[in-house]
Structures are given as structure tokens and as C-alpha cells.
Amino acid sequence: MEDRASLERLCHGMDLVVHAAGLVKARHDRDFHHANVEGAERLAEVIRTSNPAAHTLLVSSLAAREPTLSPYSASKRRGELAMEARLGDRLSVVRPTAIYGPGDRETFALFAAAAAGRPLPVLHPSARITLVHVEDVARAILGMATAPSPGTVAVCDGRPDGYIWSELMTAAAAAVEREPRLFRPPEALVRAAATLSASTRFLGYSPVFTPGKANELLHRDWSISPQELGVPAAENGFSIDRGFADTVKWARRAGLLKDE
């Protein structure tokens, strides 16, 4: 993303460019801007000047809808705006909600906790969270690539109205054949834990759980309106039960979860 010559070779002669590169955790907040904003700007400028006929599909995030929540969400929104300013109606933006599935080691911690019988958090009893399995995101992107059109659309599973936290935690426990043990931590405790996690940056780590991520998790409404939802869920898409089971199956094959 920093090498203009490489970007020009990548985009030369292409009818469609899918920009799916992005940073989701960082040691420094400025790294989000460097990757998600400056990288998007650089790519858009290459397309604008060397292949203006190409259509571009930017894989952003539903977090971009709430840019004040975190450095990550702000960077995703600014990346969208940077590409839009340079490409205009040659740009489509897809905003997946929280993506999970095989290969994702960040959400794996939830299933590990459930398998170990640890209490699972309900961060707010009525907050709405939307999810999507990685294969459904891929199918949506392919569908949009087949007939690209300008605009911004969101992608989720068959529940655009979202899940409450207790539904998510109960489904996670069921996926590892456990009875759910739920508790509601005080928000102050969640934020304190995020601050403590973020302090590991001084040790050279790039934690995903930071005060900004806590803001995202504690946000009350990640549901998706009919106006935002541009790609209807596939009939054979992953329900939360099927998707969580698929994720657990991968984790067991990878040796991350042991069969009982």
C-alpha cells in the first residue's frame, strides 16, 4: 500500500479493484490512520490517474457509521471519504458488520471461554449486535463485483435487527455443548479492563481490546435498517447457530479447542 509502482501494476488494465486491506488492531492509534486512510487515499489516487475507467469496491466496516466511537471507526469512515473524493460514482462501499468464522482468532476467545465453563458477559440487556459469517461476506462481495453500482451498503446475516447479548452468549455456549453461564459486568469494569489491555502497547503488543473497542462493544444499536442493507442475506447463508458450529469445528481441527 506504500509502493505506488506496485499499486499501478496491480490496477493496470483491471475492470474492478476490490480494496479489502485494512488494519483492525494497532500498537498506536496513528497506525489506523496510516493504513486505513492514507492507504485508501494512495490506492484511489493510483486508480484515478492510471485507470479511471475501473470500478472500485471498498470493503469498509459498519463501524464507519459511528466514527466518534474509536480511532478504528474514525479511520474506516475517513478512508471511505478519501476514496469517494477521488473516485466519485466509480466507488462502491460495502460495510460488513462484525465478521466471524474459521480463521478468526479474535472471536475464538469467546468459544474458548464458553468451553471452559467461564461466565460469559452480557454487556447490556437490550443492546443490538449484528454479525455475519466470513463466507457470507465473500459471497456478498462477489455479488456486488458482478454488477457494481455506486453507493454504500451494509452486509449482515439474516438478522439485520440484530441479537441481544444474551442470545449471542447462549449460542456460543451451545456451539461448544455447554450450558450458558451469563453475567452483566458493570460498564466501568469493561472500560477499566480495556484500559489495562491497551497498556500492553508499551510492551510491544497490538491489543484488539482497547478503550475504543470497548466503546464499540458498549454501543447500544448495531442493527441495520432496510435502507442500509443493500445485499439481502443469501437463502443458504449462515444462521448464528450454523455459523458458530462451523467456527467451533475449525477451532477443533486447528487444535485450539479440544473435544470433550
Side-chain angles (χ1 to χ4, degrees), residues 1-2 4 6-24 32-99 130-162 216 221-235 237:
M1 296 302 296
E2 295 181 338
R4 181 181 176 93
S6 291
L7 291 177
E8 288 177 345
R9 288 194 298 272
L10 179 71
C11 299
H12 178 71
M14 295 297 105
D15 297 314
L16 178 80
V17 177
V18 179
H19 178 30
L23 195 65
V24 297
F32 288 119
H33 183 87
H34 180 63
N36 297 340
V37 183
E38 293 175 6
E41 287 177 334
R42 203 171 290 116
L43 176 61
E45 188 62 22
V46 165
I47 296 169
R48 186 185 72 82
T49 57
S50 66
N51 191 6
H55 195 91
T56 301
L57 199 163
L58 169 62
V59 183
S60 183
S61 167
L62 192 65
R65 193 178 71 185
E66 304 290 343
T68 62
L69 289 180
S70 66
Y72 169 74
S73 63
S75 73
K76 297 303 286 186
R77 180 61 180 140
R78 289 171 187 155
E80 292 179 358
L81 293 173
M83 296 199 86
E84 182 180 357
R86 289 159 177 80
L87 301 176
D89 62 4
R90 305 296 296 180
L91 175 70
S92 301
V93 178
V94 55
R95 290 177 172 176
T97 187
I99 302 173
T130 42
L131 300 176
V132 63
H133 189 280
V134 62
E135 290 188 21
D136 287 337
V137 177
R139 273 194 289 268
I141 291 171
L142 286 172
M144 293 180 69
T146 302
S149 60
T152 299
V153 298
V155 174
C156 69
D157 66 8
R159 286 278 298 271
D161 58 322
E216 294 174 28
D221 186 12
W222 287 115
S223 64
I224 298 174
S225 69
Q227 293 73 29
E228 292 176 283
L229 190 65
V231 183
E235 291 183 4

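All residue numbers in this chain count up from 1 along the given sequence. When reading the values below, keep in mind they use all heavy atoms of this one structure, side chains included, and skip hydrogens, waters and symmetry mates.
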Colleague: More than 12 foreign heavy atoms under 6.0 Å from CZ of R65: is that the case here?
Modeller: yes

Colleague: A63 and S73: which non-hydrogen atoms are nearest, and at how many Å?
Modeller: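 Heavy atoms only, the tightest pair is O-CB, 3.2 Å.
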
Colleague: Test side-chain hydrogen bond (donor to acceptor under 3.5 Å, both in side chains) on T56 and H19 and set out the steps.
Modeller: CA-CA 7 Å; T56 301; H19 178 30; over 6 Å; no

Colleague: Quick one: pull up OG in S149 and CG in L91 and give me the separation to the nearest 0.5 Å.
Modeller: 11.0 Å

Colleague: Hey, are the side chains of R139 and H133 touching, using non-hydrogen atoms and a 4.5 Å cut-off?
Modeller: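 Not in contact.
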
Colleague: Tell me whether E45 is salt-bridged to R48, with the criterion being a basic N under 4.0 Å from an acidic carboxylate O.
Modeller: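 Looking at R48 together with E45, the answer is yes, because their closest N to O distance falls below 4.0 Å.
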
Colleague: Measure across D89 and P150 and return the closest heavy-atom pair with its distance rounded to 0.1 Å.
Modeller: O-CB, 3.5 Å

Colleague: So, for A44 and L87, which heavy atoms are closest and what is the spacing to 0.1 Å?
Modeller: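 It is O-CD2, 3.7 Å.
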
Colleague: Is the shortest distance from a Lys or Arg side-chain nitrogen in R4 or E8 to a carboxylate oxygen in the other one below 4.0 Å?
Modeller: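 Looking at R4 and E8, the cut-off is met.
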
Colleague: Give, for atom CG of D136 and atom CD1 of I141, the distance between the pair rounded to the nearest 0.5 Å.
Modeller: 11.0 Å

Colleague: If you define the side chain from C-beta out and look only at heavy atoms, does anything of S92 sit under 4.5 Å from H55?
Modeller: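 Side-chain contact under 4.5 Å: yes.
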
Colleague: Got a second to check how far R159's CZ is from T97's OG1, nearest 0.5 Å?
Modeller: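 Reported value, rounded in 0.5 Å steps: 12.5 Å.
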
Colleague: Hey, what do you get for CG (N36) to CD (E41), rounding to the nearest 0.5 Å?
Modeller: 11.5 Å

Colleague: Might you point out which heavy atoms bring E80 and R95 nearest each other, and give the distance in Å?
Modeller: OE1-NH2, 2.7 Å

Colleague: Using 0.5 Å steps for rounding, measure from the CG atom of D221 to the OG1 atom of T130.
Modeller: 8.5 Å

Colleague: With side chains defined as the heavy atoms from C-beta onward, is the minimum distance between M144 and V153 less than 4.5 Å?
Modeller: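 Side-chain contact under 4.5 Å: yes.
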
Colleague: Ignoring hydrogens and geometry beyond distance, is a side-chain donor-acceptor pair present between R78 and S75 at under 3.5 Å?
Modeller: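 Side-chain D/A pair, R78 to S75: absent.
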
Colleague: Roughly how far apart are L10 CG and N51 CG, rounded to 0.5 Å?
Modeller: 10.5 Å

Colleague: If I compare all heavy atoms of L16 with all of A145, which pair ends up nearest, and what's the gap?
Modeller: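 Closest approach of L16 to A145, heavy atoms only: CD2-CB, 3.2 Å.
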
Colleague: Is the closest side-chain heavy-atom distance between C156 and L229 below 4.5 Å?
Modeller: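 A side-chain contact under 4.5 Å exists here.
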
Colleague: What are the two closest heavy atoms between L43 and C11, and how far apart are they?
Modeller: CD1-SG, 3.7 Å

Colleague: Start with the C-alpha gap between M1 and L7, add the side-chain angles, then the distance that decides, and say whether side-chain contact (heavy atoms from CB on, under 4.5 Å) holds.
Modeller: CA-CA 7 Å; M1 296 302 296; L7 291 177; 4.2 Å; yes

Colleague: If you apply the rule side-chain contact (heavy atoms from CB on, under 4.5 Å), what do you find for S70 with F32, and how did you get there?
Modeller: CA-CA 10 Å; S70 66; F32 288 119; over 6 Å; no

